[in-house]
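Position 1 is the first residue of the sequence, and the numbers go up from there. Any value given below was found using the heavy atoms of this structure, including those in side chains, with hydrogens, waters and symmetry copies removed.
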Amino acid sequence: VPDRNWNYADPATRALKAANLKAMVTAADGLDMPINIGTEMNKAGLPFVDDLAGEVLGEFKDTFLRGAQIMVGHTIAARFAGRSYAKCQCDNDRKIALFSSIGALPPLTGAIAGKLQALENETAFEKLKACADAGSWQPLG
């Protein structure tokens, strides 16, 4: 959500753009759709981290964080267990909780990746679920 899409000097334009953003995020949340956000890499400073604490984007920080965690969880599960977010065979609330919990785990290390790679897909997915429930990689041993 680059600031050029909502950060206007004119208060009326800024309010309209912020309202449109809120409507979009509200609609996505209502449909349980994760939002994947990014930033422009050519902006000086810490371009997006600071914006998430601001008055416009700060309102959606939890939604944006959950979307990022789901994307990371999806990537880990797809890579090591052959399971994608879209094809998860569980109810939507459990899917969101599972993939965001996997994505919220500490970063993968080479050792953890090696343990996951050594497992068959179904076993790896069960281990990922156990790690998500534990909030750590500890169930991998």
Side-chain angles (χ1 to χ4, degrees), residues 1-11 13-141:
V1 185
D3 60 1
R4 70 174 179 267
N5 290 340
W6 57 267
N7 191 11
Y8 289 85
D10 176 55
T13 301
R14 183 182 177 105
L16 175 64
K17 299 294 186 176
N20 289 342
L21 174 64
K22 183 173 186 158
M24 188 274 306
V25 172
T26 300
D29 280 346
L31 295 169
D32 292 325
M33 294 179 69
I35 298 174
N36 186 17
I37 61 170
T39 186
E40 295 175 294
M41 299 305 290
N42 61 351
K43 184 176 177 185
L46 297 173
F48 203 70
V49 175
D50 292 343
D51 291 346
L52 287 180
E55 68 180 82
V56 174
L57 299 183
E59 179 179 354
F60 313 114
K61 183 178 180 177
D62 291 341
T63 293
F64 295 158
L65 179 59
R66 184 178 57 250
Q69 290 169 335
I70 288 170
M71 296 303 290
V72 170
H74 159 81
T75 302
I76 292 169
R79 170 67 178 90
F80 296 105
R83 297 288 182 97
S84 71
Y85 179 80
K87 293 186 178 182
C88 183
Q89 298 294 319
C90 55
D91 69 74
N92 207 44
D93 289 341
R94 175 66 179 144
K95 177 171 68 171
I96 291 168
L98 173 61
F99 282 84
S100 62
S101 294
I102 293 170
L105 289 168
L108 284 172
T109 63
I112 293 168
K115 288 178 183 182
L116 287 168
Q117 282 178 320
L119 301 172
E120 295 294 326
N121 282 351
E122 189 60 37
T123 303
F125 193 62
E126 291 303 317
K127 288 288 190 179
L128 286 173
K129 289 194 294 189
C131 290
D133 289 342
S136 75
W137 294 112
Q138 194 64 35
L140 278 174

Check: Rounded to the nearest 0.5 Å, how far does CG of Leu116 lie from CG of Leu140?
Finding: 5.0 Å
Notebook entry, point to check: With under 30° as parallel and over 60° as perpendicular, where do the rings of Tyr85 and Phe99 fit, or are they tilted in between?
Noted result: perpendicular
Item checked: Spacing of CG belonging to Asp32 relative to CG belonging to Asn92, to within rounding of 0.5 Å -> 4.5 Å
Checklist line | Pi-cation contact, Phe60 with Lys22 (under 6.0 Å, within 45°) | finding: no
Notebook entry, point to check: Is it true that Asp133 and Arg94 make a salt bridge, defined as a side-chain N closer than 4.0 Å to a carboxylate O?
Noted result: yes
Check: Closest approach of Thr63 and Ile35, non-hydrogen atoms and distance?
Finding: CG2-CD1, 3.8 Å
Item checked: Approximate separation, where rounding is to 0.5 Å, of Thr26 OG1 and Leu31 CG -> 11.0 Å
Next item on the list: Determine the minimum heavy-atom distance between Phe125 and Ala77, stating which atoms define it.
Entry: CE1-CB, 4.4 Å
Note to self: The test is salt bridge (charged side-chain N to carboxylate O under 4.0 Å, His left out); show your working for Asp29 and Arg66 and say whether it passes.
What the structure shows: CA-CA 11 Å; Asp29 280 346; Arg66 184 178 57 250; 3.2 Å; yes
Check: Can you name the nearest heavy-atom pair linking Asp91 to Asp93, along with the distance?
Finding: OD1-N, 3.1 Å
Next item on the list: Would you indicate whether the side-chain heavy atoms of Leu119 and Glu126 approach each other to under 4.5 Å?
Entry: no
Checklist line | Nearest atoms (heavy-atom pairs only) where Gln69 meets Ser100 | finding: CB-O, 3.4 Å
Next item on the list: Work out which heavy atom in Pro34 is nearest to a heavy atom in Ile70; give both atom names and the distance.
Entry: CB-CD1, 3.8 Å
Check: In Å, rounded to the nearest 0.5 Å, how long is the span from CE of Met24 to CE of Met33?
Finding: 10.0 Å
Margin query: Any side-chain to backbone donor/acceptor pair from Trp137 onto Leu105? Under 3.5 Å, distance only.
Written below: no
Next item on the list: Might you confirm whether atom CD of Gln89 has over 12 heavy atoms from other residues, nucleotides or ligands at distances under 6.0 Å?
Entry: no
Note to self: Determine whether a donor-acceptor pair (N or O, by modelled atom type, separation under 3.5 Å) exists between the side chain of Lys127 and the backbone of Pro139.
What the structure shows: yes
Next item on the list: Test Asn121 against Arg83 for side chain to side chain contact (heavy atoms under 4.5 Å, CB included), laying out the working first.
Entry: CA-CA 8 Å; Asn121 282 351; Arg83 297 288 182 97; over 6 Å; no
Note to self: If you compare all heavy atoms of Ser101 against all heavy atoms of Ala132, which two are closest, and at what distance to 0.1 Å?
What the structure shows: CB-CB, 3.6 Å
Item checked: Atom pair OG1/NZ of Thr109 and Lys115 - distance to nearest 0.5 Å -> 8.0 Å
